[in-house]
Amino acid sequence: MLQLVVGQLLNGVIVGTLYAIIALGVTLTFGITGIVNFALGAFMMLGAYFTWYLTDGLHVPYPLAVPLAVAAIALLGLVVDQVLFRFTRNNLINGLIVSIGLISVIVAFVLMVWSTTPQNMEYVLPGVFRIGGVIVPKMKAVVFVVLLVVILATYAALTRTWAGRAAYAFAQNPEAAALMGVRTKVLQAGVAAYSTALAGLGGALYASLYSITPEIGGSYILKGVEAAILAGIGSVMGSFAGGIIIGVAEGVGSIFLPSAYNDAYGLVFLVLILLFKPAGLFGRSS
Amino acid sequence: MECHIDADMVLTYRENRETHGEAMKITTRRLQHFALSLALAASSAAAFAQGVVKIGEIEAQTGALNTYGWMGSQGMRMAVDEINKAGGFQVAGKSYKLELLNPDTQGNPQQALIQLKKMLEEDKVRFVFGPFLTNVYKGIEGYARQHSKDFLLMGGATQIHYELGKPGNEYLIRTWNWDAGASGFGTQMVDYLKKKGAKKVAMLMQNDAFGHVAADIYREAFKAAGIEFKENWFEPATKDYSAVLAKISADKPDYLFPGYTDAVLYDIVQQATQLGLTKFWLVRGSLGPALKNKDYIDDYIAYIPKYFEEAEKNEPKVKKFIDAYKAFYKKDFPYDQAPLCSSSCYDHVFMLVEAMKKAGTVDDVAKVKQALLSFTYEGLWNVRYDKTGEEVINFDIVDVTKGGKITVNHQQPK
């Protein structure tokens, strides 16, 4: 039993980083543009399809396919931001409507091009690590390390670079930030593109672990938003912790409780935390 | 078709006669033209004598749920085209052609209902194929029952199985074989597993309507076969099965009976092999997951209505169908989707035509249904319907072992 619990703790942490990368995109977009971009799940799905197509269709090596797919998604995110989301800044409802419409367009595009047939990328790194009876697939370990590095690098960039501090300043007081010389439009567009790039990265890594279908974005954006709320929207490291809490709750919960309802276990955590800390684990009450 | 007689030719003929009062001078070319016109006129008359039987289809050809409707619609178009190009068919001395009305439901029950209403009320269709999806069937069921004596609905939906034979459901025929019962493919699949020496099977199934139907069927089938059966469930949108698979692995089953769609099977098979579960037995889903993980599995037993890759080499009708598909659609043959042509597809159109011939009518649906239930059609499959109106077909149990070695076991239910 101990092996089972430890195995699922590890697995929950790894799966949780996938939720965390989406949560990070959600929290950054919300902090800077004032909208919750539900289309990040669709961008994640698109990142997975691009990566699969580059590796299995065009035979691009996976380590090269990932940055190519992420760059393509970032560019797409920038275009979409300038064409659509630019007009919804700080308007939650309009942003929500545009993002929902965008999900339909992206999903329809994928259905049209690649159909509903599940796609499966050739294994990038088969095999498992066995640590004292606990089994961890090698690729999952790699995905965890890559996502952890990206999340930590994002945190470092936000706290230790001028652009990062400008973003924080803008999130706290847009007018003051503009008066201090922050190019707000460039900052907003940059953060929107970076958030979609994070979602694209999540998708690119996801494709190496699981089969892909046009619907995968739906459940991941929900988990991402769930993790962001659990942490308290606006907290970068909180998003990371939120993703991991949900991943671990699902994994360990499935051992002791019926696995048929494992999506609910993360939600139970969310409700419990919001009951006692309405601003989320790392959020500050206004 | 249009009757065409050259007016210039007639006028020239008259002018020549009236002006010159001598024998007509008609060129050879004009004589040929005249003969051709007469032939066209004659064929037009024949065409008017040929009737048209409209058949409908309500299936999801696109959209997220098109997996089970797409192949049926592909095969149905081919069958109608082949029948019509061969000159149609004769029923009670009259020649008929088929007209196919096959709008795309996109898996949407409301769309399907609108389409069915149009078919029955405006187009006067009496034979409708589909749907394969139970949610779509539930959407049209109430309306269809109101017209139970006016048409035949020939679909593969699971729910139709439970409706067959009930009063007011005379319109129903189920074009997909059922798991349980003496003729059920599931019963023979369980027998096959028993022969392989399995003592304990762990099911890991979607926690949805069909998942529970499957559990109800196979709980009984395994009990009857003396095989221990453990049930495990997962959320339909799950992608990571590590936790539940780790639990199952600790229980050491002989075989894992995973979900019912490829969308989940690829992930389950991959993740299960990582945890040491290497033997699989499934009643729905393709061989794709086995072939992708061929170096990690020990055994993968799957129900496949027809293993086309092998049948193409041994069955001339299958080879002809595959060649015809490539010529008709000008694209590669979908080997992975083709087994689904065992429901409301190519054979079923030919079978309906045979039934109309036997019944001597294209209008009396009761007689046509009676005829449909009276014979076996030998097409891509040997198709017959049992007394309740449910399809019984021959099928394959395909066994894939380590390294990708495939053994095909042909089954012919009694």
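A note on names: the letters A, B, ... follow the listed sequences, proteins ahead of strands, and every chain is numbered from 1.
- Aromatic pair B:F132/B:W70: ring centres not closer than 6.0 Å.
- Contacts of A:N120 with chain B are made by both backbone and side-chain atoms, with heavy-atom separations under 4.5 Å.
- Contacts between A:A264 and chain B at a heavy-atom distance below 4.5 Å involve the backbone alone (N, CA, C, O).
- In this structure, chain B has a heavy atom under 4.5 Å from the side chain of A:I216, while its backbone stays farther away.
- Ion pairing between B:D251 and B:K200 holds under the 4.0 Å rule for side-chain N and carboxylate O.
- Aromatic ring centres of B:Y68 and B:W176: separated by at least 6.0 Å.
- In this structure, no portion of B:Q206 lies under 4.5 Å from any heavy atom of chain A.
- Remark: B:K239 is not positioned above the aromatic ring of B:F234, lacking an NZ or CZ atom under 6.0 angstrom from the ring centre and at most 45 degrees off the axis.
- Contact annotation for A:Y206: only side-chain heavy atoms (C-beta onward) come within less than 4.5 Å of a heavy atom of chain B.
- Contact count against chain B (heavy-atom pairs under 4.5 Å) is highest for A:S211 among A:P137, A:S211, A:P118.
- For B:Y296, the part sitting under 4.5 Å from any heavy atom of chain A is the side chain, from C-beta outward, and nothing else.
- Ionic pairing of B:D262 and B:K292 is not present here: no N-O contact between side-chain nitrogen and carboxylate oxygen is shorter than 4.0 angstrom.
- Most heavy-atom pairs under 4.5 Å with chain A, from the set B:G288, B:S242, B:A237: that is B:S242.
- Interface residue A:K140: only side-chain heavy atoms are found under 4.5 Å from chain B.
- By the 4.0 Å N-to-carboxylate-O rule, A:E250 lies close enough to A:K223 to be salt-bridged with it.
- For the set A:V15, A:N262, A:I212, the entry with the most heavy-atom pairs within less than 4.5 Å of chain B is A:N262.
- At a cut-off of 3.5 Å, with distance as the only test, a side-chain donor of B:D179 or B:Y218 sits close to an acceptor on the other residue.
- No other option in B:N232, B:D267, B:N207 has as many heavy-atom pairs under 4.5 Å with chain A as B:D267.
- When each of A:G12, A:G253, A:S254 is checked for heavy-atom pairs under 4.5 Å with chain B, A:S254 comes out on top.
- Residue B:S344 comes nearest to B:G156 through the heavy atom pair OG-N, 4.4 Å, listed as atom of the first residue, atom of the second, then distance.
- For a residue to count as touching a neighbouring chain, one of its non-hydrogen atoms must lie under 4.5 Å from one of that chain's; by this rule B:T238 touches chain A with the side chain only.
- Of the listed residues (A:V107, A:L4, A:V252), the one with the most heavy-atom contacts under 4.5 Å to chain B is A:L4.
- In summary, the aromatic rings of B:F280 and B:F257 are positioned with their centroids too far apart to meet the 6.0 Å limit.
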